[in-house]
Colleague: 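Got a structure here, written out as C-alpha cells. Questions coming.
We name chains A, B, ... by the order of the sequence lines, and we start the count at 1 in each one.
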Protein chains: 2
Amino acid sequence: MPKQTFFNLPEDKKERILNTAIDEFSKYYYHKASISRIVKNAGIAKGSFYQYFEDKKDLFKYLIGRAGEEKMKHFNPIMTNIDNVNFFEVVRAMYITGIRFAMENPRLQQIADNFIRDNDTRLKQEILGDNIPKSNEMFISMINKGIEKGDLDPSIDVALTASIITNLNIAISDYFIKEVKGKDYMEMMPLVDKMLYILKNGIKSKKEGEK
Amino acid sequence: MPKQTFFNLPEDKKERILNTAIDEFSKYYYHKASISRIVKNAGIAKGSFYQYFEDKKDLFKYLIGRAGEEKMKHFNPIMTNIDNVNFFEVVRAMYITGIRFAMENPRLQQIADNFIRDNDTRLKQEILGDNIPKSNEMFISMINKGIEKGDLDPSIDVALTASIITNLNIAISDYFIKEVKGKDYMEMMPLVDKMLYILKNGIKSKKEGEK
DNA sequence: CAAGCATATGACTACATAGTCATGTGACCC
DNA sequence: GGGTCACATGACTATGTAGTCATATGCTTG
C-alpha cells in the first residue's frame, strides 16, 4: 500500500503521478518499467517518490489492484444473476464486458496483459496471492451447473472446457482489438455471437456425418 | 548470424555455449537475460562472446531460428498431406506434434513462449520479419478448403475460426503441461480428442434445443 | 515569532548491464 | 627464427537501474 503521504497529496498531483505510472507500466513490463522515468515524466523528485511508495513493487501492486477493481465493477452485475440465466448468456455477457473494458481502459488492459504474460512467477505470487486459481474454479462450477441444468453436453471434459472458455475470452479480445480497432465497440456484438455459435455448435459440417 | 569464429569452434565448446544460452533465455525473457551470466556459466570470457556473436540480439535470433527449425521438422510431414486428409485430422496432428515438441524440448518451448509473449514489438519485428502472419494465413486457407470439401460448417466466420484454432492450440499445450506434466506424453491423446470433440460439436446439450 | 511537522529535493550509493579493446597465447607455415 | 592468423582474455567504458539520505522548504499551531 502507498504511504499515507501519498494519500494526503492534492488530488491533481496524485492523479498526475498515477497517470504517469499507468503510462509507464502499460508501455513496459514490470522489470523494464523505470521509476526514474516515472519521476521525470511526473515532474517529481526521486526522493518524493519514495515518500509516497515503499518501493517499485508497492506502486505496481497498487495499480494492479486498481485495474482489478475497475474490471470487477463491470463483472459483478453479471455474476449476481449467474444462477437464473442460461449458461451461454453468462459467457456472452462476460465476453462483452471483457471487450468493453479493454476498449474503455486500454492502458489498464495493457498492464493486466503484461502482468498475466510475465513469467516471473514469484512476482505474480507476491502480487496476486492466491486469486489466480479462483477464476478457473468459478468457471468449473459454472460448467457443472450448466450440465446439471441441461444447457451443456454432459460428455464434455469440464476442466478442459473451463480452460477453453478462458482462452476464447482472450482470443476474442485479441481478435477484436486487432481487427476492429478504432471502430465502434458495438461492432463486437456480431463477433461475440459468432464466437458463441462456434462454442455452442462446433465447426463440423451439419450436412454430413463425421468421416 | 553468429560470426565465422563461432562456427570454427570445436563442437563441444559450441554446444556448451549454446546450451548455456538456451538455459538463460528459457529462464529469463530477452531483456532480462544476461550476457554476463551466460559467459560466466559457459566459462568463457566476455570478449570471447563478442568474437562469436555480433551482439545479444544476434545470439537470440540464432536461438529462435534453431527452435523454429526444430519445430518445423515435426510439422512439415503433416503439411505435405494437407489436401488429402480430413480437416480435423490435420488439426489433430498439429495439436499432437505441438504438445510433443513442447514435451521433448521444454527449454526451446519456453524460449518460444517468452518470445511470443514479449510485448517489445520492434524486437519481434526485427527477429521474425514477416513470418508471423503466415501461420494465420495458412489456417485461413485450410479452413476455406475444409468448407469447400464439406468438412466444415459453411456458416462459421473464417478469420475468427482461424484465431480460435490457434488459441486452442496454445490452450491445449498449456493445459496439458500444467495438468499432466511428468506423465507419459501419450496421455495427451485422449485430451486432444476431447478438445477436438468440442471444436467439432461445441458444448451445447444435444438433448434439447437452444433456449 | 518560534517550534514542529509534513512534504520536497537531487546528489549519491551500490549494483547491474551491453559492448569495447588492447594485449596475450599458441598453432602453423615460410 | 620470424611472421601471420585465429582465438582468448578481463579490465574498462558508458549507461542504466532501485533505493537512500541529509538537507531544505513551507505550512500550521502555540
Side-chain angles (χ1 to χ4, degrees), chain A residues 1-18 20-25 27-64 114-115 118 120 122-123 126-127, chain B residues 1-18 20-25 27-64 114-115 118 120 122-123 126-127:
Chain A
M1 262 290 134
K3 299 180 182 172
Q4 189 53 46
T5 314
F6 177 70
F7 295 111
N8 294 341
L9 291 178
E11 206 55 42
D12 59 327
K13 189 166 188 176
K14 264 191 291 192
E15 209 51 53
R16 199 176 72 229
I17 293 169
L18 287 181
T20 313
I22 289 173
D23 249 11
E24 181 70 14
F25 282 103
K27 277 193 198 133
Y28 308 97
Y29 41 65
Y30 182 75
H31 286 101
K32 238 194 138 194
S34 155
I35 301 297
S36 304
R37 238 179 343 234
I38 292 174
V39 300
K40 200 178 68 193
N41 292 335
I44 60 169
K46 192 69 162 288
S48 297
F49 179 88
Y50 286 92
Q51 301 242 38
Y52 306 150
F53 302 95
E54 296 291 341
D55 51 24
K56 186 179 181 178
K57 206 162 59 196
D58 185 35
L59 167 62
F60 189 61
K61 257 185 192 166
Y62 184 63
L63 289 184
I64 288 284
N114 291 351
F115 178 60
D118 201 300
D120 185 333
R122 275 198 50 184
L123 177 75
E126 274 184 81
I127 284 176
Chain B
M1 262 291 134
K3 298 180 182 172
Q4 190 52 47
T5 314
F6 177 70
F7 295 111
N8 293 341
L9 291 177
E11 205 56 42
D12 60 327
K13 188 165 189 175
K14 265 191 290 191
E15 209 51 54
R16 199 176 73 230
I17 293 169
L18 286 181
T20 313
I22 289 172
D23 248 12
E24 181 72 13
F25 282 103
K27 277 192 198 133
Y28 308 97
Y29 42 64
Y30 182 74
H31 286 101
K32 239 194 137 193
S34 155
I35 301 297
S36 303
R37 246 187 328 241
I38 292 174
V39 299
K40 201 179 67 192
N41 292 336
I44 60 169
K46 191 71 161 288
S48 297
F49 179 87
Y50 286 92
Q51 301 242 36
Y52 307 150
F53 302 95
E54 296 293 341
D55 50 24
K56 186 180 181 179
K57 207 161 58 195
D58 186 37
L59 166 62
F60 189 61
K61 257 186 192 165
Y62 184 62
L63 290 184
I64 288 285
N114 290 350
F115 177 60
D118 201 300
D120 185 334
R122 276 198 49 184
L123 177 74
E126 274 184 80
I127 285 177

Colleague: Could you give the NZ-to-C1' distance, from B/K13 to D/dA8, as a whole number of Å?
Modeller: 7 Å

Colleague: Send over the distance from B/F49 CZ to C/dT20 P, rounded to a whole Å.
Modeller: 11 Å

Colleague: Take atom NZ of A/K40 as the centre, draw a 6.0 Å sphere, and report whether it contains more than 12 heavy atoms from other residues, nucleotides or ligands.
Modeller: no

Colleague: Ignoring the backbone of B/L9, work out which of D/dG19, C/dT9, D/dC7 is nearest its side chain.
Modeller: D/dC7

Colleague: Taking only N/O atoms, report every protein-nucleotides 11-17 of chain C pair under 3.5 Å with atom names and distance.
Modeller:
from, atom 1, to, atom 2, distance (Å)
C/dT17, OP1, B/S34, OG, 3.2

Colleague: Name the nucleic acid region contacted by B/T5, choosing base, sugar-phosphate or nothing; use a 4.0 angstrom heavy-atom cut-off, strictly under.
Modeller: sugar-phosphate

Colleague: With B/F49, which residues qualify under ring-ring contact (aromatic ring centres under 6.0 Å, His included), at least two apart?
Modeller: B/F53

Colleague: Rounding to an integer number of Å, can you tell me how far B/Q51 CD sits from D/dT9 P?
Modeller: 10 Å

Colleague: Test your reading of the model: is there a side-chain donor-acceptor pair from A/E54 to the backbone of A/P2, 3.5 Å cut-off?
Modeller: no

Colleague: Under 4.0 Å: is that the gap between some side-chain N or O of A/S48 and OP1 or OP2 of C/dT7?
Modeller: no

Colleague: Nearest whole Å is fine: how far is C/dA8 C1' from A/F6 CZ?
Modeller: 15 Å

Colleague: What is the distance from OH of A/Y29 to C1' of D/dT17, rounded to the nearest Å?
Modeller: 14 Å

Colleague: Provide, to the nearest angstrom, the distance between the CZ atom belonging to B/F7 and the C1' atom belonging to D/dA6.
Modeller: 16 Å

Colleague: In whole angstrom, give the distance that lies between atom OH of B/Y50 and atom C1' of D/dC7.
Modeller: 18 Å

Colleague: Classify the nucleic acid contact of A/K40 as base, sugar-phosphate or nothing, counting any heavy atom under 4.0 Å across all strands shown.
Modeller: nothing

Colleague: So which atom in A/D118 and which in A/Y29 form the shortest heavy-atom distance, rounded to 0.1 Å?
Modeller: OD2-CB, 4.3 Å

Colleague: Looking at CD of A/Q51 and CD of A/Q4, how far apart are the two atoms once the value is rounded to the nearest 0.5 Å?
Modeller: 13.0 Å

Colleague: Give one of base, sugar-phosphate or nothing for B/Y52, where a contact means two heavy atoms less than 4.0 Å apart.
Modeller: sugar-phosphate

Colleague: Out of A/Y62, A/F115, A/F60, which one pairs with A/F25 under the ring-ring contact (aromatic ring centres under 6.0 Å, His included) rule?
Modeller: A/F60

Colleague: For the aromatic rings, using the six-membered ring if either is Trp, is the centroid distance between B/Y52 and B/F7 under 6.0 Å?
Modeller: no

Colleague: Indicate whether OP1 or OP2 belonging to C/dA6 is found under 4.0 Å from a side-chain N or O atom of A/N8.
Modeller: no

Colleague: Rounded to whole Å, please give me the gap between CD1 in B/I17 and C1' in D/dA8.
Modeller: 11 Å

